Amino acid sequence: MKNKIIVLSCLVILLIGVIYFAVQAHQKNGTHRANFSGEWKSKESISMGGNIVCTYVEGDRMLSKTTKIAEQADFLTIETPNLSPGATLAASQEKLAFDGKESQISYGQQRGKKFTAKLSADRQTMTVNSIVHLVVATPYHVNVQEQLIVYVTEVWKLSNDGGSISVQANAKSNLFGPERSWKTVFDRVD
């Protein structure tokens with residue numbers, strides 16, 4: 001009887017140890033999951049890959065080949081250097097909130113954009129839907145201005161190892177041809 005109690009006690013201790021180590025291993029894996037935070041660089045900007053105007057101002061993140069991202073629980077911020085000569089700001093920053101509410105950036109004169117962002121449950125895919133507003137010269141009538149509206153969908157996918165982000169972009173405008181689709185890849189530099 002005494003042996004059975006000792007064996008049963010050892011089994012209970014062993015079982016508690018196995019459960020403890022399994023929980024610790026699971027917590028470590030969860031805390032080291034790759035995320036969008038970091039500094040990133042691409043061979044070309046997101047907007048140039050599709051050869052379509054989908055930026056509203058010179059410092060727009062869509063024009064930058066480099067970016068710095070800080071991911072938080074409910075949002076992320078994307079900071080891009082403003083490389084324009086004579087730029088008043090050294091960098092521009094865009095906050096993408098995951099609450100589903102529409103955000104807006106306005107630069108007056110019917111220039112700006114409205115956007116929403118959604119992060120997948122596994123936090124590895126982000127979808128950004130934007131409506132970009134611009135006023136552009138009418139082809140062959142430079143003095144006549146028209147409202148250009150571009151609908152852009154970006155799907156950002158973080159690689160499993162966290163070393164790159166692929167951005168699949170689709171854009172369609174109210175003035176120019178068919179929808180365009182292109183892919184831009186950013187590699188981690190930090």
Side-chain angles (χ1 to χ4, degrees), residues 26-83 89-107 111-134 148-173 178-190:
H26 182 68
Q27 286 177 350
K28 286 181 181 178
N29 287 339
T31 58
H32 293 294
R33 184 181 341 156
N35 65 33
F36 288 98
S37 292
E39 293 186 36
W40 305 89
K41 188 171 186 168
S42 178
K43 292 180 183 174
E44 64 183 352
S45 68
I46 295 173
S47 70
M48 298 316 292
N51 192 22
I52 189 170
V53 177
C54 53
T55 63
Y56 61 94
V57 70
E58 289 179 26
D60 185 11
R61 68 175 174 78
M62 297 289 282
L63 286 173
S64 185
K65 293 180 185 179
T66 61
T67 188
K68 185 176 182 180
I69 300 174
E71 182 179 335
Q72 306 296 323
D74 298 332
F75 66 93
L76 62 79
T77 55
I78 301 174
E79 185 176 297
T80 55
N82 191 343
L83 303 175
L89 294 175
S92 66
Q93 192 176 72
E94 191 169 316
K95 180 179 176 180
L96 302 174
F98 305 131
D99 60 6
K101 294 180 183 175
E102 185 176 78
S103 298
Q104 182 173 347
I105 300 173
S106 179
Y107 278 89
R111 285 186 328 155
K113 73 176 175 178
K114 296 178 182 179
F115 57 93
T116 60
K118 183 178 180 185
L119 191 63
S120 64
D122 67 359
R123 302 186 71 83
Q124 302 299 294
T125 303
M126 176 177 66
T127 303
V128 181
N129 290 301
S130 304
I131 302 172
V132 179
H133 299 270
L134 296 167
L148 172 66
I149 301 172
V150 184
Y151 302 91
V152 184
T153 299
E154 303 164 70
V155 178
W156 295 50
K157 291 191 179 191
L158 184 63
S159 65
N160 289 336
D161 66 355
S164 66
I165 299 172
S166 66
V167 181
Q168 178 65 46
N170 298 313
K172 174 119 176 90
S173 77
E179 180 177 89
R180 299 199 180 159
S181 180
W182 66 97
K183 187 176 188 176
T184 306
V185 176
F186 287 87
D187 294 312
R188 187 180 292 277
V189 293
D190 62 348

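Just so you know, these numbers come straight off a predicted model, no measurement behind them.
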Spacing of Lys95 atom NZ and Ile78 atom CD1 [to the nearest 0.5 Å]:
13.0 Å
Roughly how far, to the nearest 0.5 Å, is OH of Tyr151 from CD of Glu179?
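Reported value, rounded in 0.5 Å steps: 12.5 Å.
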Using every non-hydrogen atom in the two residues, find where [X] and [Y] come nearest and quote the distance to one decimal.
X: Ile149; Y: His133; result: CG1-ND1, 3.9 Å
X: Thr184; Y: Glu44; result: CG2-O, 3.4 Å
X: Ala34; Y: Gly162; result: CB-CA, 3.5 Å
X: Thr116; Y: Gly100; result: CG2-O, 4.0 Å
X: Phe115; Y: Gln104; result: CE2-N, 4.4 Å
X: Ser42; Y: Val185; result: OG-O, 3.0 Å

Side chain to side chain, [X] and [Y], heavy atoms closer than 4.5 Å:
X: Leu96; Y: Glu94; value: yes
X: Ser130; Y: Glu154; value: yes
X: Asp99; Y: Asp74; value: no
X: Lys118; Y: Phe98; value: no
X: Leu76; Y: Met126; value: yes
X: Met62; Y: Val132; value: no
X: Lys41; Y: Asp187; value: no

Keeping the roles fixed (side chain from Arg61, backbone from Thr67), state whether a donor-acceptor pair exists under 3.5 Å.
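Flag not set: sc Arg61 to bb Thr67 has no pair under 3.5 Å.
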Asp122: what forms a side chain to side chain donor-acceptor pair (under 3.5 Å) with it, not counting sequence neighbours?
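With neighbours one apart ignored, the set is Ser120.
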Is the ring pair Trp156/Phe186 parallel, tilted or perpendicular, if the boundaries are 30 and 60 degrees?
parallel
Counting only pairs under 3.5 Å, give me each side-chain donor-acceptor contact of residues 163-170, with atom names and distances, residues two or more places apart or in other chains.
unit_1: Gln168; atom_1: NE2; unit_2: Ser181; atom_2: OG; d: 2.8
unit_1: Gln168; atom_1: NE2; unit_2: Trp182; atom_2: O; d: 3.2
unit_1: Asn170; atom_1: OD1; unit_2: Ser181; atom_2: OG; d: 2.7

